[in-house]
Amino acid sequence: GHATLFEARSEAGLAALARVARAHHTVHMVLGDQDNVESFWHYYSPDQSASFASCRELMFQLKRPALVAADSSLLRLARAEDMEALLPVHAEMAFRESGINPLEKDPHGFRQRYLRRIEKDRVWVAIEDGRLLFKTDVALHTSDTVYLEGVHVNPEMRGTGLGCGLLTQVTDTLLKEARSVCLLVNEENILAQRLYLKAGFEFQGYYKTIFVRPGALN
């Protein structure tokens, strides 16, 4: 897929996944446990030429609801009419990680993918007077774990406690449906790491993200 998150328990499994991935030229990004990703990449692109960017990330996990739940009537699931407020923010976050702005590279595909995510009730927002204060996306939802991504707090509201409170609301809701909530954060993003620790997340280990150079295996 466009974004491929994987876990593997054997070297043979990694090799098989890499063979399948090589045949699907829509793969844009792969991520997972740091050691697994590095082994996967050995099979996917032995000469390393298919990569144009990579970063190490910290995995954080939350298993218990917050002791004191936040309460804000601002939090809700995103709707299609919120797209214009959400797309530039999500695109900017993607650009900071990969160096590619999806609104410039593939505006139609990016818009359609994000609309599908909204229609599946996987985007949480807080919007006041047309201004986006907070958002986060459910990238993957299983009965065991929910993976969040794209956590954004309006720069004007950072340090006020609003972001932590809203994130806590989201995770409290999700923990009624799964055993844990996980998210990844770039190891250089210290402010985000502080937010997650404040919201009760705990560090679990290192992950790695590799962005695939377009057309590298064609």
Side-chain angles (χ1 to χ4, degrees), residues 1-10 13-14 17 28-37 40 55-80 82 86 89-90 93-94 97 113-127 132-153 161-187 189 192-209:
H2 182 79
T4 301
L5 168 66
F6 68 87
E7 295 183 15
R9 296 191 176 96
S10 71
L14 284 168
L17 178 62
H28 166 67
M29 176 184 73
V30 294
L31 67 149
D33 173 84
Q34 179 173 268
D35 292 340
N36 280 345
V37 167
F40 167 89
C55 61
R56 190 167 77 158
E57 300 182 274
L58 281 62
M59 165 68 79
F60 283 93
Q61 184 181 57
L62 180 68
K63 291 186 176 180
R64 295 180 297 276
L67 295 177
V68 180
D71 181 20
S72 172
S73 59
L74 292 173
L75 186 70
R76 61 173 173 80
L77 288 168
R79 300 185 286 262
D82 300 320
L86 289 165
V89 170
H90 201 68
M93 298 178 82
E97 290 295 315
R113 288 192 297 273
Y114 207 76
L115 180 59
R116 284 196 297 270
R117 183 173 284 189
I118 289 175
E119 291 173 342
K120 291 180 179 179
D121 290 338
R122 291 193 169 190
V123 182
W124 292 85
V125 297
I127 298 176
L132 181 65
L133 303 180
F134 169 89
K135 86 161 190 75
T136 189
D137 301 26
V138 174
L140 179 66
H141 194 315
T142 72
S143 60
D144 185 61
T145 303
V146 176
Y147 285 91
L148 291 181
E149 71 172 15
V151 179
H152 167 79
V153 180
L162 178 70
C164 183
L166 291 168
L167 180 60
T168 295
Q169 274 190 269
V170 173
T171 55
D172 283 358
T173 299
L174 295 174
L175 284 172
K176 296 174 183 176
E177 307 169 359
R179 297 175 185 174
S180 67
V181 177
C182 296
L183 52 79
L184 297 168
V185 56
N186 191 299
E187 65 177 346
N189 193 342
Q193 293 172 37
R194 290 174 181 168
L195 169 63
Y196 304 144
L197 291 171
K198 186 177 180 181
F201 284 82
E202 297 180 349
F203 172 71
Q204 295 297 305
Y206 290 104
Y207 270 52
K208 187 169 184 177
T209 296

H141 side, atom NE2; L148 side, atom CG - distance, nearest 0.5 Å: 9.5 Å

What pair of heavy atoms forms the shortest contact from V146 to A178, and how long is it? CG2-CB, 3.7 Å

Evaluate the criterion side chain to side chain contact (heavy atoms under 4.5 Å, CB included) for residue pair E97 and E57; output intermediate values, then yes/no. CA-CA 11 Å; E97 290 295 315; E57 300 182 274; 4.3 Å; yes

side-chain contact (heavy atoms from CB on, under 4.5 Å) against K63, all qualifying residues, sequence neighbours excluded: Q61, S180

Quick check: do F201 and L195 have side-chain heavy atoms less than 4.5 Å from each other? no

Check G32 against V37 and note the closest heavy-atom contact, atom names and distance. N-CG2, 3.2 Å

Could you check Q169 against D172 for side chain to side chain contact (heavy atoms under 4.5 Å, CB included), going step by step and ending with a plain yes or no? CA-CA 5 Å; Q169 274 190 269; D172 283 358; 5.9 Å; no

Residues V185 and A192: closest non-hydrogen pair is CG2-CB, 3.7 Å

With side chains defined as the heavy atoms from C-beta onward, is the minimum distance between T142 and Y147 less than 4.5 Å? no

If you define the side chain from C-beta out and look only at heavy atoms, does anything of L58 sit under 4.5 Å from F203? yes

Could you check whether atom CZ of R64 has more than 12 heavy atoms from other residues, nucleotides or ligands sitting under 6.0 Å from it? no

If you take all heavy atoms of A199 and L167, which pair is closest and at what distance? CB-CD2, 4.0 Å

Under 4.5 Å between any side-chain heavy atoms of V170 and V181, yes or no? no

When you compare the side chain of L166 with that of W124, does any pair of heavy atoms fall below 4.5 Å? no

Quick check against the 3.5 Å criterion: does Q193 have a side-chain atom that pairs as donor or acceptor with the backbone of N186? yes

Looking only at heavy atoms, the pair that brings C182 and T145 closest together is SG-CG2, 3.5 Å

Please step through side chain to side chain contact (heavy atoms under 4.5 Å, CB included) for the pair F134 and T136, ending with a clear verdict. CA-CA 7 Å; F134 169 89; T136 189; 4.0 Å; yes

Only one of R122, R117, K135 clears salt bridge (charged side-chain N to carboxylate O under 4.0 Å, His left out) with E149; which? R117

Nearest-0.5 Å distance, CG of residue D35 to NZ of residue K208: 10.0 Å

Are any side-chain N or O atoms of D82 and backbone N or O atoms of R79, one a donor and one an acceptor, separated by less than 3.5 Å? yes

Between G163 and V153, the two heavy atoms sitting closest are CA-CG2, 3.8 Å

With a 4.5 Å cut-off on side-chain heavy atoms, are Y196 and L62 touching? no

Enter the distance from I127:CD1 to L86:CG here, rounded to the nearest 0.5 Å. 5.5 Å

From NZ (K120) to CG (L77), nearest 0.5 Å: 14.5 Å

Counting heavy atoms not belonging to R56, are there more than 12 under 6.0 Å from its CZ? yes

Rounded to the nearest 0.5 Å, what's the gap from CG on D137 to CG on L183? Could you check? 12.0 Å

Can you tell me how far apart OG1 (T168) and NZ (K198) are? Round to the nearest 0.5 Å. 9.0 Å

